[in-house]
Amino acid sequence: MTIGRVLALAQKAGLRTEMEVFLAFLLDCSRLDLIARSEEEIPVESLAPLQKGWIALQDGVPVAYLTQQKEFYGLPFFVDERVLIPRPETEQLVDLALHYAKKSVLELGTGSGAVACSIKKNRPELRVVATDISEAALEVANKNCVQLGVELELLQSDLLEKVPQEDFDVLVANLPYIGTELHAFVSEEVEKHEPHLALFGGKDGLELYRRLFEEVLSQERSFKFILGEVGFSQGEAIRELCTAMFPEATFMLLQDLQGLDRHFVLERM
C-alpha cells in the first residue's frame with residue numbers, strides 16, 4: 001500500500017490530519033515529505049504498527065498518545081495516557097506567567113509539566129514549583145524536565161495541601177474545569193481517552209477553584225497574582241466567583257485566539 005493510498009483512506013474517514021502526523025512519525029519524516037513520497041510503498045515492517053495506529057485513530061485515540069509527542073510553546077513534550085494533552089490555547093497562560101513573575105511561580109495541576117517547563121525554559125532564573133495530585137502525572141512531568149534540561153521542584157499535593165508556606169509572585173492554577181452538569185462541554189473522544197481526574201471539576205467545573213480560593217484565604221497566602229484557565233462558557237461565572245471572594249482584587253478576563261473566554265488574572269492588593 002502506498003503512502004498516498006493511506007492518506008486518501010484517512011481523508012475519507014475524516015482523519016487526514018491525524019494520519020499525516022502518525023505516518024510522519026512512523027516513517028521518521030516530515031508531513032511535507034509524505035506528499036512528495038506519495039507513490040512510495042509503506043515499508044513491510046511498518047504495516048503492523050500502521051494497522052494498529054489506524055484502528056486506534058478510528059476509535060478516537062488522540063494521535064499524540066500514539067506518537068507520545070506534543071509540541072507546546074515551541075518545545076517537544078512527552079505525553080501519554082497519564083496526562084492531558086497540552087492545548088495550544090494554554091500557551092497564553094505561559095505568556096501571562098512570564099509577564100507577571102519576578103522571582104517565583106507556583107503551578108497547581110501541572111500534568112505533563114508543559115506550562116511549568118515552558119516558564120522555566122524561558123526564564124531559567126525563576127524559581128518554579130509545580131504540583132499535581134496524581135503521582136502518575138508527576139512521573140510524566142519529571143520525564144519532561146529531564147528531556148528538556150530544566151529543573152523544577154515537583155510536589156504531589158492536593159491543591160495547597162503540601163505546598164510550603166512561602167511567598168510566590170504568581171500562582172498558576174491550571175485546574176480541571178469541565179462540569180459534570182453545567183459547562184459540560186467535552187468531546188466524546190476526549191472524555192473516553194483522556195484522564196478524568198484532569199478533566200472534571202465538579203458539577204459546574206469550578207469546584208476546585210472554589211476550594212483553592214478558600215485555601216488561599218484561610219491560609220493567608222500572599223500570592224500577588226493568581227492566573228487560571230477556564231472553559232469558554234465559564235467567563236462570567238469565574239468573574240463572579242473571584243470578585244466575591246477577593247473583593248479588593250482587580251479581575252481581568254482574557255480571550256483566546258478564537259475570541260473565547262479562556263484565562264483570568266487576579267491581581268491582589
Side-chain angles (χ1 to χ4, degrees), residues 72-73 84 86-102 104-111 113-116 118-119 122-123 126 128-133 157-160 163 167-186 198-269:
F72 179 86
Y73 215 78
L84 288 185
R87 269 59 172 180
E89 55 266 26
T90 305
E91 293 182 348
Q92 187 180 41
L93 203 54
V94 178
D95 290 334
L96 292 169
L98 293 173
H99 175 73
Y100 288 111
K102 293 183 178 179
S104 57
V105 176
L106 169 67
E107 186 200 10
L108 305 182
T110 195
V115 170
S118 299
I119 293 169
N122 283 273
R123 294 276 303 280
L126 291 176
V128 181
V129 178
T131 80
D132 204 288
I133 194 173
S157 180
D158 182 2
L159 299 180
L160 296 175
V163 178
D167 292 336
F168 291 88
D169 300 327
V170 174
L171 168 63
V172 178
N174 194 12
L175 303 176
Y177 55 74
I178 305 297
T180 56
E181 295 181 12
L182 299 174
H183 311 295
F185 300 107
V186 60
L199 284 173
F200 295 101
K203 290 183 178 181
D204 67 351
L206 297 178
E207 180 180 314
L208 290 172
Y209 281 107
R210 290 190 190 90
R211 280 184 51 207
L212 171 61
F213 296 159
E214 288 169 0
E215 290 184 11
V216 169
L217 293 171
S218 65
Q219 297 177 21
E220 298 183 349
R221 299 276 185 156
S222 59
F223 307 114
K224 174 66 174 175
F225 295 95
I226 300 177
L227 316 177
E229 179 170 304
V230 294
F232 68 89
S233 63
Q234 295 170 312
E236 290 310 307
I238 194 67
R239 183 193 301 275
E240 291 177 5
L241 178 60
C242 287
T243 54
M245 299 194 71
F246 300 94
E248 82 292 349
T250 300
F251 177 88
M252 180 168 54
L253 184 65
L254 301 173
Q255 286 73 44
D256 60 22
L257 293 177
Q258 295 180 313
L260 302 174
D261 292 341
R262 186 64 60 188
H263 298 108
F264 67 87
V265 177
L266 196 63
E267 182 178 3
R268 303 170 70 197
M269 302 299 290

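These numbers were taken from a predicted model, which means no experiment stands behind them.
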What are the two closest non-hydrogen atoms of [X] and [Y], and how far apart are they?
X	Y	result
Gly202	Glu207	CA-OE1, 3.5 Å
Ala97	Ile119	CB-CD1, 3.5 Å
Val115	Glu107	CB-OE2, 3.4 Å
Gly109	Asp132	C-OD2, 3.5 Å
Leu254	Val265	CD1-CG2, 4.2 Å

Qualifying residue for side-chain contact (heavy atoms from CB on, under 4.5 Å) with Val163, from Leu106, Leu171, Asp158, Val129: Leu106
Member of Leu93, Val94, Leu98, Val128 meeting the side-chain contact (heavy atoms from CB on, under 4.5 Å) criterion with Ser118: Val94
side-chain contact (heavy atoms from CB on, under 4.5 Å) assessment of Leu266 paired with Phe223: CA-CA 10 Å; Leu266 196 63; Phe223 307 114; over 6 Å; no
Roughly how far, to the nearest 0.5 Å, is [atom2] of [Y] from [atom1] of [X]?
X	Y	atom1	atom2	result
Gln219	Leu160	CD	CG	5.5 Å
Glu215	Leu108	CD	CG	8.5 Å
Phe200	Leu208	CZ	CG	12.5 Å
Arg211	Leu159	CZ	CG	4.5 Å
Thr180	Leu199	OG1	CG	12.0 Å
Asn174	Glu229	CG	CD	5.5 Å

Taking side chain as C-beta onward, heavy atoms only, is [X] less than 4.5 Å from [Y]?
X	Y	answer
Thr110	Thr131	no
Leu182	Leu206	no
Asp261	Ile238	no

Exam field: side chain [X] to backbone [Y], donor-acceptor pair closer than 3.5 Å:
X	Y	answer
Gln234	Tyr177	yes
Glu91	Tyr73	yes
Ser104	Asp169	yes
Lys224	Arg268	yes
Arg262	Gln92	no
Glu89	Asp256	no

Listing request: all salt bridge (Lys or Arg N to Asp or Glu O under 4.0 Å) pairs with a residue in residues 237-253, at least two apart in sequence or in separate chains. Glu236-Arg239
Hey, what's the ring geometry for Phe213 with Phe246, parallel, tilted or perpendicular (30° and 60° as the breaks)? perpendicular
Proximity of Phe264 and Tyr209 rings by center, below 6.0 Å: yes
Those residues at least two apart in sequence (or on a different chain) that pass salt bridge (Lys or Arg N to Asp or Glu O under 4.0 Å) with Asp204 are Arg210
